[in-house]
There are 2 protein chains.
Amino acid sequence: MNFDIAMERLKSEGFKRTPSREAILRLLEREDRYLSAGDVRKALADEHPKMSQDTVYRNLSSFSEMKILEETELGGERKFRMHCDRHGHHHHFICMECGRTEELDVCPMEQVSRALPSFVIDDHKFEVYGQCPDCRTAG
Amino acid sequence: MNFDIAMERLKSEGFKRTPSREAILRLLEREDRYLSAGDVRKALADEHPKMSQDTVYRNLSSFSEMKILEETELGGERKFRMHCDRHGHHHHFICMECGRTEELDVCPMEQVSRALPSFVIDDHKFEVYGQCPDCRTAG
DNA sequence: GAGTAAATCGTAGTCATTCCGAATTGGAAA
DNA sequence: TTTCCAATTCGGAATGACTACGATTTACTC
Ligand SMILES: [Mn+2]
Ligand SMILES: [Mn+2]
Ligand SMILES: [Zn+2]
Ligand SMILES: [Zn+2]
């Protein structure tokens, strides 16, 4: 997903276009990796020094709820990245140094559904953690 | 893993046998599901009303490090359960109402490793969330 | 039973996140 | 364009999980 589509989505759902929202979404589009609320505040400190933490958290949560962002919980923190909708359902490798992701097309949920016929399955999480090639050569 | 094996493990690694540790491990053996530090404190409130939160957190962390417990992060909280070592590597369905788990033998990591030859893979997480049959009929 | 390092207690501190009332503002309506 | 108001933001306080730490107690060794 890119900035323009995200702003359209906001407008179509009745949200206002504010400088805070533009800055947050532009940042996440540019970075293309998982960022925490703190990361966002730091990255916007120069451009928007008085954006309050409430604004950052509230908007990240809203964007996540409306699927503009995707969210995970890592190291005791909520992290967000632009929702990627290029393929269908998929999962991610996540670099623990830089936060960049790599798409994984494998998902074992069909087998799981068959193996647990009497369970209600609401959600699932599959993530692979490590070091991406860039960070490996840089290290 | 059961209580006796856990206590042996503690002894062999030079840890002392204390009433706090016994109570925490007995609870986790009995419950056989994911509990937070707060859950543990509440469950032991009658039997050990003055066990401090420091003691609970420190021991849960120690037990997790030495693989007596397994740990996950769920809803912004660390959760712990007895380490299950019946089969080899596996993952869990987790009931979001009662915390009970069901074993899943599927794991797609072989395919992932093949698909990411230039990445360093340190860890992975695969969890399925929902409602177990007991909670479904009870609800 | 005495000595000692480990463990616990009580409490204060940290950090991410949420809450809240007051002030501001985007955008619809006049 | 100006008015208006619900939505949004701000600033700061509150929350809740978790950690740190000095003082006290305790499990094990001798
Ligand atoms: Mn993706
Ligand atoms: Mn298991
Ligand atoms: Zn999947
Ligand atoms: Zn696995």
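Just the heavy atoms: all of them, side chains too, but no hydrogens, waters or symmetry mates, feed the values below. This is a predicted model, so every value here is computed, not measured. Every chain is numbered from 1 and lettered A, B, ... according to where its sequence line falls, protein lines coming before strand lines.
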> So what does B:R58 touch, heavy atoms closer than 4.0 Å: a base, only the sugar-phosphate, or nothing?
Replying inline: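 Base: the residue B:R58, judged by heavy atoms under 4.0 Å, touches a nucleobase.
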> Under 3.5 Å, is there a donor-acceptor pair linking the side chains of B:R78 and B:T72?
Replying inline: no
Mind calculating the distance between [atom1] ([X]) and [atom2] ([N]) to the nearest angstrom?
X	N	atom1	atom2	answer
B:E71	D:dC18	CD	C1'	12 Å
A:R17	D:dA6	CZ	C1'	20 Å
A:F80	C:dA16	CZ	C1'	11 Å
A:K16	D:dC4	NZ	P	16 Å
B:L10	D:dA27	CG	P	14 Å
A:F15	C:dA28	CZ	P	15 Å
B:N59	D:dT26	CG	P	16 Å
A:R21	C:dT24	CZ	C1'	14 Å

>> I need the minimum non-hydrogen distance between A:C107 and A:H124, along with the two atoms involved.
In response: SG-NE2, 3.6 Å
>> Expected output is a numbered-order residue list: members of residues 47-55 of chain A with a heavy atom under 4.0 Å from any atom of DNA chain C. What is it?
In response: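 Those residues are A:Q53, A:D54.
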>> Donor-acceptor check, side chain of B:S113 to backbone of B:M109, threshold 3.5 angstrom: yes or no?
In response: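 Yes: the side chain of B:S113 pairs with the backbone of B:M109.
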> Between B:R17 and B:E22, is there a side-chain N and carboxylate O pair less than 4.0 Å apart?
Replying inline: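 B:E22 and B:R17: salt-bridged.
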> Ion pair present between B:D32 and B:R81, side-chain N to carboxylate O less than 4.0 angstrom?
Replying inline: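 So B:D32 pairs with B:R81 through a salt bridge.
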> To the side chain of A:Y57, which of C:dA6, D:dC10, C:dA16 is closest?
Replying inline: C:dA16
> To the side chain of B:E77, which of C:dA7, C:dG27, D:dA17 is closest?
Replying inline: D:dA17
